[in-house]
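First the proteins, then the strands, lettered A, B, ... as listed; each starts at 1. When reading the values below, keep in mind they use all heavy atoms of this one structure, side chains included, and skip hydrogens, waters and symmetry mates. Since we're looking at a predicted model, the values are computed, not measured.
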Protein chains: 2
Amino acid sequence: MEQKKKSALTRQKILEAAEEIFSSVGFAAARVDAIAERAGVNKQMIYAHFESKEGVYSAVLERVYSRLSEYQDTVASYEFEGAETVKRIVSDYFAFLISNPSFVRLMLWENLNGARYVQQAPAALLDGLKALLQSGIEKGLVRADLDVEQTALSLNLFCFSAFSNQYTFSKLLGKDLGARKELAKRAEHVTQMFLGYILPEK
Amino acid sequence: MEQKKKSALTRQKILEAAEEIFSSVGFAAARVDAIAERAGVNKQMIYAHFESKEGVYSAVLERVYSRLSEYQDTVASYEFEGAETVKRIVSDYFAFLISNPSFVRLMLWENLNGARYVQQAPAALLDGLKALLQSGIEKGLVRADLDVEQTALSLNLFCFSAFSNQYTFSKLLGKDLGARKELAKRAEHVTQMFLGYILPEK
DNA sequence: TCAAAAAGCAACTAATCAGTTACTTTTGTA
DNA sequence: TACAAAAGTAACTGATTAGTTGCTTTTTGA
């Protein structure tokens, strides 16, 4: 194989292995040797491609955060048209979080570590939600007295929290809240709650 | 000083130092030497009082979880009487979380580590909320078609999430969401959302 | 085809850390 | 007061870990 491609492949394999390990055990407990082993790559290659353990970590974060952009673009493309729009936003976000479990975990680790490396991707998402709500207000489809920032924050947090406390609450309730059926129930509940709040009084 | 008291004091100092350190950096990054230094105690004392690093950790968790019981007892003592009850539950929970930042962080660390040591305290809290909502339904003060479990879960998660993602969202929004004023706004928002959802249609 | 450059590797190093040991000081009690 | 038990201490140990070094293999281009 060509040298450039080989090198790029190694880099890719390192990033994938690092994402799995950093997201599952966090930065402090992650072992560089474990990343190398999982990637099927010599440890030195990690230092050849990235400066340090922190270097790999921030590269992983960048990669993972960037995936949110796709969802953000979807949200930005929506026109606020009422209940249906909210349903789509929530179910799209749930879908994103379901298919990106390492995003959820890395956000949480980052948060506990004082958000050392927050990227712009999550900021854009909030802005997109705010703009959407605002356009809803202008069209008279959303209550005019709404605090747009708080509401956008809530939408984000309420969806996210269905994932972020999964383990503890699953143990407490004695059922797997990560199961598709439970998550669907949760998405529906969050959507209904939201609609009840943001739609103008009839 | 008396031997028993001296020993108990040392144990206390260790637990306090360990709580600060475990909650701020998590189990993996916490250093036993750092706990000893912060407690102003010889490292060996940690091993004299607790078996191992894990031993101290689980003792800390037990201590911290037990503080939730007080709030749980408050909730259990309430009678559902409508909007005012919801307001009190939310503001009491916010008050608890504000004055117990290490509870929030330890719950999050635990969650990321697969909830190794979940205790009964959080379970009792959920049960209390469910019972309260149920009694509201029976009195006709709460919508009868409510999914009590989902709603209790939401109440819990929505309050908790105001704290759990503070760092990342503070950075994104460029303001300190941990400030009292911001938290008060958030509590009010959550309360209003909740009321809109659970109260029966007029 | 062949040398230079890039990629890959195994073995090493210095630092860090959980846990231990062997010892001294303090305290309670007979 | 004397002595045994408990509390406290400092220095050590073995294992682990991030990061390095010096070497071999593979690939590229003239």
Side-chain angles (χ1 to χ4, degrees), chain A residues 1-62 106 109-110 112-114 116-117, chain B residues 1-62 106 109-110 112-114 116-117:
Chain A
M1 204 192 300
E2 191 188 332
Q3 257 183 349
K4 272 189 185 172
K5 283 200 176 170
K6 231 178 157 182
S7 177
L9 189 71
T10 300
R11 194 189 161 87
Q12 191 70 9
K13 284 194 287 184
I14 292 169
L15 283 173
E16 275 163 25
E19 181 178 329
E20 282 182 62
I21 289 179
F22 282 132
S23 71
S24 72
V25 302
F27 182 81
R31 299 293 154 233
V32 176
D33 293 82
I35 294 171
E37 197 187 5
R38 170 155 232 151
V41 140
N42 188 277
K43 178 162 74 150
Q44 205 281 332
M45 287 296 95
I46 292 174
Y47 291 94
H49 282 273
F50 308 92
E51 206 165 59
S52 59
K53 186 182 171 183
E54 267 207 49
V56 197
Y57 182 69
S58 74
V60 165
L61 274 191
E62 212 164 313
L106 286 168
W109 288 118
E110 263 306 277
L112 282 167
N113 286 317
R116 290 175 294 178
Y117 301 101
Chain B
M1 202 192 302
E2 191 186 331
Q3 258 183 350
K4 271 188 187 174
K5 283 202 178 172
K6 232 180 156 181
S7 176
L9 189 69
T10 300
R11 194 189 160 87
Q12 191 70 10
K13 285 194 286 184
I14 293 169
L15 283 173
E16 276 163 24
E19 181 178 329
E20 285 182 59
I21 288 179
F22 281 133
S23 71
S24 72
V25 301
F27 182 80
R31 300 293 155 234
V32 176
D33 294 80
I35 294 171
E37 197 188 4
R38 168 154 234 153
V41 140
N42 188 279
K43 179 161 77 151
Q44 206 281 330
M45 288 295 95
I46 292 175
Y47 291 94
H49 283 272
F50 308 91
E51 207 165 58
S52 59
K53 185 181 171 184
E54 267 207 49
V56 196
Y57 182 69
S58 74
V60 165
L61 274 190
E62 211 164 314
L106 286 168
W109 289 118
E110 264 307 277
L112 281 168
N113 286 317
R116 291 174 296 178
Y117 301 100

Does a nitrogen or oxygen in the side chain of [X] sit under 4.0 Å from OP1 or OP2 of [N]?
X: A:R31; N: D:dA18; result: yes
X: A:T10; N: C:dG8; result: yes
X: B:K6; N: C:dT27; result: yes
X: A:N42; N: C:dA10; result: yes

Atom-pair distance ([atom1] on [X]; [atom2] on [N]), nearest Å:
X: B:I46; N: D:dG8; atom1: CD1; atom2: P; value: 12 Å
X: A:F50; N: D:dA18; atom1: CZ; atom2: C1'; value: 16 Å
X: B:H49; N: C:dT20; atom1: NE2; atom2: C1'; value: 17 Å
X: B:R11; N: D:dA6; atom1: CZ; atom2: P; value: 16 Å
X: B:E51; N: C:dT20; atom1: CD; atom2: C1'; value: 14 Å
X: B:M45; N: D:dA10; atom1: CE; atom2: C1'; value: 12 Å
X: A:I21; N: D:dA18; atom1: CD1; atom2: P; value: 11 Å
X: B:I14; N: D:dT9; atom1: CD1; atom2: P; value: 11 Å

Donor/acceptor link under 3.5 angstrom from B:K43 side chain onto base of C:dA18:
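Yes, a donor-acceptor pair under 3.5 Å.
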From the options B:E19, B:E62, B:E110, select the one residue that forms a side chain to side chain donor-acceptor pair (under 3.5 Å) with B:Y57.
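That would be B:E110; it is the only one of B:E19, B:E62, B:E110 passing the side chain to side chain donor-acceptor pair (under 3.5 Å) with B:Y57.
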Atom [atom1] of [X] and atom [atom2] of [Y]: how far apart are they, to the nearest 0.5 Å?
X: B:K5; Y: B:L9; atom1: NZ; atom2: CG; answer: 10.0 Å
X: B:E16; Y: B:R11; atom1: CD; atom2: CZ; answer: 12.5 Å
X: A:L112; Y: B:S24; atom1: CG; atom2: OG; answer: 10.0 Å

Side chain of [X], heavy atoms from C-beta onward: which of [options] has the nearest atom to it?
X: A:Q3; options: C:dA18, C:dT26, D:dT26; value: D:dT26
X: A:S52; options: C:dG8, D:dA10, D:dG19; value: D:dG19
X: B:D33; options: C:dC17, D:dA18, D:dG8; value: C:dC17
X: B:K53; options: C:dA18, D:dA18, D:dG8; value: C:dA18
X: B:Y47; options: D:dT9, C:dT20, D:dA18; value: C:dT20
X: B:Q44; options: D:dG19, C:dT21, C:dC9; value: C:dT21

Taking all non-hydrogen atoms of both residues into account, name the closest pair between A:I21 and A:A30 and its distance.
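For A:I21 and A:A30, the tightest heavy-atom pair comes out as CG2-CB, 3.7 Å.
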On DNA chain C, does the nearest nucleotide to B:K4 precede the nearest nucleotide to B:A29 from the 5' side, or the other way round? Give the residue.
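The residue whose closest nucleotide sits nearer the 5' end is B:A29.
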Determine the interplanar angle of the B:F27 and B:F22 rings, folded into 0 to 90°, and report it as parallel if under 30°, tilted if 30 to 60°, perpendicular if over 60°.
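Parallel.
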Would you mind classifying the nucleic acid contact of B:A30 as base, sugar-phosphate or nothing, using non-hydrogen atoms under 4.0 angstrom?
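Sugar-phosphate, no base atom in range.
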